[in-house]
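Presented below is the structure to which this report refers.
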Amino acid sequence: MTTTASPASPATRNTDVWKICSSDSSGGGTTGHLDSLRQSSMESKAQGRLFPASLRLRYHLRNSLGQGAPCSRCALPSLNSKEAPMKPIENIAIVGFGSLGAMYAGCFGAAMGPERVFVVADTARTERYRAEAATFNGEPIRVTYLTYDEAAERAAEDPFDVVLYAVKYGALPEAIEQSAPLVGPDTAIISVLNGVTSEEVLAERFGWDRVLLCVAQQMDSRKVGATVTAGCVGVMALGVHDAQDAAQRANLERVAEWLTAIDQPFITPDDIRHQLWGKLICNVGVNQACAVYDCCFSGIHAPGEAREAMIAAMREVAAVGRAEGVGLTEEDVAYWLDIIDHLNPEGLPSLRQDVLARRPTEVELFSGTINRLGAAHGIPTPQNERFYAAIKELESSFSQGRTSVRPRQAR
Ligand SMILES: CC(C)(CO)C(=O)C(=O)O
């Protein structure tokens with residue numbers, strides 16, 4: 001499978017874009033400026049790491065750091081050389097060890113080792129994780145598991161440079177309270193949660209100087225028991241709340257240097273809010289359609305009712321987003337549809353994984369949000385109302401063992 005993000009995409013204007021999956025045979029998959037980066041990209045593939053170097057930010061860092069002028073190649077204003085040098089990122093705490101948190105634990109642990117990458121959880125979960133010995137794509141995940149108390153003790157001596165949140169939205173308030181002692185004055189905070197509001201919740205507690213805006217996209221990670229797999233680790237799209245704020249920009253550049261150093265793919269779109277809403281277009285469509293039509297990605301790749309319903313729901317998000325002041329168009333719908341169409345046909349979105357595991361879903365973040373905002377703006381959202389009702393029905397029937405609202409379709 002090859003996953004590509006369209007270079008002409010409205011959602012990634014002015015960003016270099018990479019082909020990011022393992023079977024991509026295009027020779028590095030970047031738009032290609034620097035031989036050394038191409039080389040690094042190919043080395044990553046040779047090691048089976050499924051992703052190339054982050055060309056754009058490297059380019060940005062080379063060209064703008066210390067020069068005091070806006071970078072001519074990308075949207076980031078540059079930092080002045082007289083600003084204090086940044087302490088490199090050396091240790092990471094990951095809060096949340098579902099399919100996404102565990103995928104990042106697998107990637108970061110492989111690049112940085114267990115003395116620098118920590119998965120932090122409550123005592124019961126930590127004991128379970130220690131006993132389970134999780135794997136990512138067949139390799140042991142190389143991290144250290146800590147309880148919140150153990151992590152707080154460690155942070156008192158050596159604060160974490162990054163805390164990455166990968167819990168479900170409903171678990172975020174409690175995770176924030178439990179993990180607050182991990183956050184020091186220079187800790188960068190990244191949320192890979194779906195939806196458009198987790199960063200605001202984090203910023204209320206920790207401030208925008210620490211919290212980056214982030215969209216985790218294009219990955220197809222799956223966790224069954226302690227086995228985590230991903231054909232494609234995707235890309236992190238990163239940005240800041242206020243591009244004029246030097247502290248926020250410095251935070252982003254520090255994280256960008258780290259991701260570049262460990263070869264984790266990322267982009268910095270010009271308009272991160274647009275990107276966040278774009279990902280919502282994707283999730284509202286594919287996550288809900290696969291849950292309601294009881295299928296993996298192949299079920300919505302094929303023409304038919306499930307695909308039509310997915311696209312209708314995506315268009316409703318674009319309409320509501322426009323009313324919210326985000327310039328989403330039919331081009332954005334087409335861009336995210338293209339990404340969906342390149343997801344592993346046998347993969348499952350997170351909401352469908354939740355349904356199969358009979359866990360509460362993120363329906364409130366998806367159709368819940370769109371129906372509420374649609375009503376406030378007087379925009380009809382009939383498809384999302386249908387999805388919402390069907391998923392709520394599924395959730396309420398978990399106790400009877402049901403994981404489907406309709407006869408099976410393509411699987
Ligand atoms: C992009 C996608 C659909 C990948 O699985 C996702 O974000 C999710 O499952 O929540």
Side-chain angles (χ1 to χ4, degrees), residues 1 3-6 9 11-12 20-21 50-51 96 98-104 106-107 136-137 164-172 190-198 214-224 228-237 265-267 275-301 306-307 309-311 313-314 317 332-333 335-357 359-370 387 391:
M1 185 194 67
T3 295
T4 12
S6 151
S9 152
T12 55
I20 53 173
C21 278
L50 318 184
F51 41 75
S99 65
L100 205 48
M103 181 192 87
Y104 286 118
C107 294
F136 173 55
N137 282 349
L164 181 136
Y165 289 88
V167 295
K168 292 281 174 202
Y169 189 72
L172 186 60
I190 300 175
S191 157
V192 292
L193 273 69
N194 281 329
V196 290
T197 49
S198 65
C214 175
V215 184
Q217 59 185 65
Q218 286 154 277
M219 64 285 165
D220 57 11
S221 56
R222 190 164 182 200
K223 188 173 184 222
V224 179
V228 187
T229 49
C232 182
V233 300
V235 196
M236 279 178 175
F266 68 100
I267 54 173
Q275 198 79 10
L276 281 160
W277 270 85
K279 173 85 188 296
L280 191 61
I281 291 182
C282 169
N283 287 139
V284 164
V286 72
N287 291 36
Q288 300 192 121
C290 287
V292 171
Y293 287 89
D294 190 16
C295 61
C296 53
F297 293 126
S298 67
I300 45 81
H301 289 164
R307 185 174 174 84
M310 173 180 79
I311 295 171
M314 292 166 78
V317 182
D332 291 291
V333 174
Y335 167 74
W336 286 97
L337 196 54
D338 184 55
I339 287 181
I340 290 168
D341 283 342
H342 287 88
L343 290 169
N344 176 2
E346 284 158 26
L348 296 174
S350 53
L351 197 145
R352 173 96 181 104
Q353 293 182 45
D354 290 339
V355 168
L356 290 175
R359 290 187 293 251
T361 73
E362 293 187 314
V363 68
E364 293 298 342
L365 276 186
F366 302 152
S367 47
T369 303
I370 294 308
F387 275 164
I391 294 167

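Everything numeric in this text was worked out from a predicted model, so none of it was measured. All ligand and atom numbering here is 1-based and tracks the order in the structure.
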If I compare all heavy atoms of Ile340 with all of His301, which pair ends up nearest, and what's the gap?
O-NE2, 2.7 Å

Numbered atoms of ligand 1 (with element) below 4.0 Å of Pro349, judged on heavy atoms:
5 (O), 9 (O)

Minimum heavy-atom distance between Val317 and Ile281, given as atom pair plus value:
CG1-CG1, 3.7 Å

Below a 4.0 angstrom heavy-atom separation, can you tell me which part of Ile339, side chain or backbone, both or neither, approaches ligand 1?
neither

Where the side chain of Asp354 meets the backbone of Arg359, is there a donor-acceptor pair that is under 3.5 Å apart?
no

Among non-hydrogen protein atoms, atom 2 (C) of ligand 1 lies closest to Asn283 ND2, 4.1 Å

Donor on one side chain, acceptor on other, Tyr169 and Thr197, under 3.5 Å:
yes

For a quick test of reading the model, state the closest non-hydrogen atom pair linking Val192 to Ala166 and the distance between them.
CG2-CB, 3.6 Å

Heavy-atom closest pair, residues Pro345 and Cys296
O-SG, 3.3 Å

Those atoms of ligand 1 less than 4.0 Å from some heavy atom in Phe297:
5 (O)

Among all protein non-hydrogen atoms, which one is nearest to atom 10 (O) of ligand 1, and what is the separation to 0.1 Å?
Ser350 OG, 2.6 Å

Is Lys279 in polar range of ligand 1, meaning some N or O pair under 3.5 Å apart?
yes

In this structure, atom 5 (O) of ligand 1 is nearest to the protein heavy atom Met219 O, 3.5 Å

To check you understand the geometry: which heavy-atom pair defines the closest contact between Lys279 and Ala216, and what is its length?
NZ-O, 2.7 Å

Output the list of atoms in ligand 1 that are nearer than 4.0 Å to some heavy atom of Val286, sorted by atom number.
3 (C)

In the protein, which heavy atom is nearest to atom 3 (C) of ligand 1, and how far is it?
Asn287 OD1, 3.4 Å

